[in-house]
Structures are given as C-alpha cells and as structure tokens.
Amino acid sequence: MENTIARVSRNLPQGKTSRETANLNAEHFETLFGACRPERHKAGAYLFMHEDPADRIYGVISGTVEISTYSISGRKLVANIELAHSLIGEIGALDGGVRTASAICLTDCELVSLSRTQLMRKLAENAPLALAMIELLCTRLRWISNERSDQALLKVEARLAKRLLLLGERMADEAGWIRISQSELAAFLGATRESVNKMLNAWRNEGLIAIRRGAIRLLSRSGLEEVVHLEDE
C-alpha cells in the first residue's frame, strides 16, 4: 500500500510558500515526515497551548487547525487557520522556547510530527532542508509583519474584505462556500461580532457576498478588492 505521506506529498505546492502559509515543497515535506506514522486528532483537541514547552513540530495531512492567542482579558485573536500541507509549531521547535500561540483542531485531523531532537538532526544532515526552513520562517515573519501593518493602517472594513478574499482562496468548497462563523471572522480581526455582522449584511445587500448559517460565499471578488483598494488610497 502506498505510504500516506508519499501520497499526500504529490499534492504539495512545488514553488515558494505563499505569504499566508507555512508549507514546504513535496520533497522537503517527505524528507521531514516520510518515516512518521500518521496521528489522528479529534475536533476540539489542542495540539498545544500558548507558553507550553515546545518539543514537537507538526505537519498537516488533512483537516483544519486554528492558531490563536488570547489577551489578558481573555479575548481570542485568531492568527491563522492551517490546512493540509502546513507546518505547525516550527518556531518553538526550532528555538526550543515556549509556544507563541495555541493550536486547536477545528475538524478531525490527520497529522504527522517530529520531536525537536529529530528535527534538529534532520536539519543538520540536510542543508537544502535547513535553507527551506529558513525561507519558511522568513515567509511567516513577512506574513506577521503584513498583518500588523493592516491592523495599524486599515479600517476594519478593509481588513475584513482582505480576510474574506484570502479565505476564499484557501477554504472555499467546490460551490464556493467558506465554512466559517461570524464569531470566528471577528476573532481574526480583533473586532466584535456585531460589527462584522453589520458589514457582512451590508455587503450581502450590495451583492458582494452570500450568507447562510456558518458559511459565506464570495459573489464579487472585484467588489471586495475595491473595498481594500479604496482604503489603500
């Protein structure tokens, strides 16, 4: 029977990582996890919590994992949603520090993982893999920098439009529906659910999106792009 990692690796992106993900190409993913046995985690299971000791790195075969942090008052801010082929927990696994965020499985997930000791040995033995990990970290840092700039410079309307465009590329099903709640969208933006609901209803009335319970479909990407560009001007 074909190895699970080999089967998945054929579908990994072959070029550079996009700015919103932490992916390795198929060859490097196979080098890291090819000998690993897939692990199954139920929806709602935490892979780790913020400030936990960082002793493992994870690769996503299937499912959805949320990366989030919490304010002192307990309000959640979603940093990203990781899908198939993403790496999770690479920062702590590389520097040996504590976790910088929490990771929870939003759906049933199939993952692979390595201990920090195993990861460091593989990097020491494979220079191309080590360089790919450096590039991956730079991609992650650029993503965080862009997110912080958006938080500081863009109004919530533009940030919501950008987030929907991104989620449309990454999470839309065959019919175009993005399965995400308005509360989850608000957590992405650090906004209230009420303000997000108001904007979504306005965009639905303008024909930019369609809404149903727990899901959103983009009807006019150009219209949402215009919301972002107007804010940039």
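All values reported here derive from a predicted model rather than from experimental measurement.
Nearest heavy-atom pair across Tyr58 and Leu47 is OH-O, 3.8 Å. Nearest heavy-atom pair, Gly59 versus Leu87, reported as atom, atom and distance to 0.1 Å: CA-CD2, 4.2 Å. Of all heavy-atom pairs between Ser86 and Arg170, the closest is OG-NH2, 4.1 Å. Here the closest non-hydrogen pair linking Leu164 and Ile178 is O-CD1, 3.9 Å. Of all non-hydrogen atoms in Pro128 and Asn126, the two that sit nearest each other are CD-OD1, 3.1 Å. Heavy-atom minimum distance, Ala191 versus Val156: CB-CG2, 3.9 Å.
Formation of a donor-acceptor pair under 3.5 Å by the Asp108 side chain with backbone atoms of Ala43 is found in this model. Counting only distance, with no hydrogens or angles, the side chain of Ser145 and the backbone of Leu141 share no donor-acceptor pair below 3.5 Å. Counting only distance, with no hydrogens or angles, the side chain of Ser102 and the backbone of His50 share a donor-acceptor pair below 3.5 Å.
Between Val65 and His41, the closest side-chain pair of non-hydrogen atoms is not below 4.5 Å. With a 4.5 Å cut-off on side-chain heavy atoms, Asn80 and Arg140 count as touching. Using a 4.5 Å cut-off on side-chain heavy atoms (C-beta onward), Cys105 and Lys42 make no contact. A heavy-atom distance below 4.5 Å is not found between the side chains of Glu194 and Gln182. For the pair Cys109/Val60, no side-chain contact is recorded, criterion being any heavy-atom separation below 4.5 Å from C-beta on.
Tracing side-chain contacts under 4.5 Å through hydrophobic residues (I, L, V, M, F, W, Y), one never reaches Phe188 starting from Leu77; they form parts of separate clusters. Under the 4.5 Å side-chain heavy-atom criterion for ILVMFWY residues, no single connected hydrophobic cluster contains both Ile67 and Val98. Hydrophobic clustering keeps Trp177 apart from Leu83 (ILVMFWY residues linked when any side-chain heavy atoms are closer than 4.5 Å, directly or through intermediates).
When each of Leu131, Leu129, Ile134 is tested with Leu123 by the rule side-chain contact (heavy atoms from CB on, under 4.5 Å), just one qualifies, namely Leu129.
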How far apart are the C-alpha atoms of Arg99 and Asp55, what are their side-chain angles, what is the distance that settles it, and do they pass the side-chain contact (heavy atoms from CB on, under 4.5 Å) test?
CA-CA 9 Å; Arg99 298 296 189 187; Asp55 58 352; 4.3 Å; yes
Inset, instruction - List the steps and the verdict of side-chain contact (heavy atoms from CB on, under 4.5 Å) for Leu32 and Lys122. - result: CA-CA 7 Å; Leu32 267 183; Lys122 286 179 178 288; 4.0 Å; yes
Open item on the list: Before you tell me yes or no, could you show the steps for Ile57 and Gln118 under side-chain contact (heavy atoms from CB on, under 4.5 Å), namely the whole-Å CA-CA distance, both residues' side-chain angles and the distance that decides it to 0.1 Å?
Closed with: CA-CA 10 Å; Ile57 185 172; Gln118 292 170 314; over 6 Å; no
Just distance, no hydrogens or angles: give the donor-acceptor pairs under 3.5 Å from side chains in residues 198-212, sequence neighbours left out.
{"unit_1": "Asn201", "atom_1": "OD1", "unit_2": "Arg204", "atom_2": "NH2", "d": "2.8"}
{"unit_1": "Asn201", "atom_1": "ND2", "unit_2": "Asn197", "atom_2": "O", "d": "3.2"}
{"unit_1": "Asn201", "atom_1": "ND2", "unit_2": "Asn197", "atom_2": "OD1", "d": "3.0"}
{"unit_1": "Asn205", "atom_1": "ND2", "unit_2": "Asn201", "atom_2": "O", "d": "3.3"}

Side-chain donor-acceptor pairs under 3.5 Å in residues 214-225, sequence neighbours left out?
{"unit_1": "Ser220", "atom_1": "OG", "unit_2": "Ser222", "atom_2": "OG", "d": "3.4"}
{"unit_1": "Ser220", "atom_1": "OG", "unit_2": "Gly223", "atom_2": "N", "d": "3.0"}
{"unit_1": "Arg221", "atom_1": "NH2", "unit_2": "Glu169", "atom_2": "OE2", "d": "3.4"}

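Here the CZ atom belonging to Phe33 is positioned 9.5 Å from the CG atom belonging to Leu111, to the nearest 0.5 angstrom. Here CD1 of Ile88 is found 13.5 Å from CZ of Arg56. Values are rounded to the nearest 0.5 Å. Here CG of Leu167 is found 10.0 Å from CD of Glu184. Values are rounded to the nearest 0.5 Å. Between the CG atom of Leu165 and the CG atom of Leu160 there is a distance of 9.5 Å, given to the nearest 0.5 Å. Atom CG of Leu185 sits about 9.0 Å away from atom CZ of Arg163, to the nearest 0.5 Å. Considering CE of Met120 and CG of Leu114, their distance stands at 12.0 Å, rounded to 0.5 Å.
Residue pairs meeting the side-chain hydrogen bond (donor to acceptor under 3.5 Å, both in side chains) criterion with at least one member in residues 59-68, sequence neighbours excluded, are Glu66-Lys76.
In this structure, Arg179 places its CZ atom where only 12 or fewer heavy-atom neighbours from other residues, nucleotides or ligands lie under 6.0 Å away.
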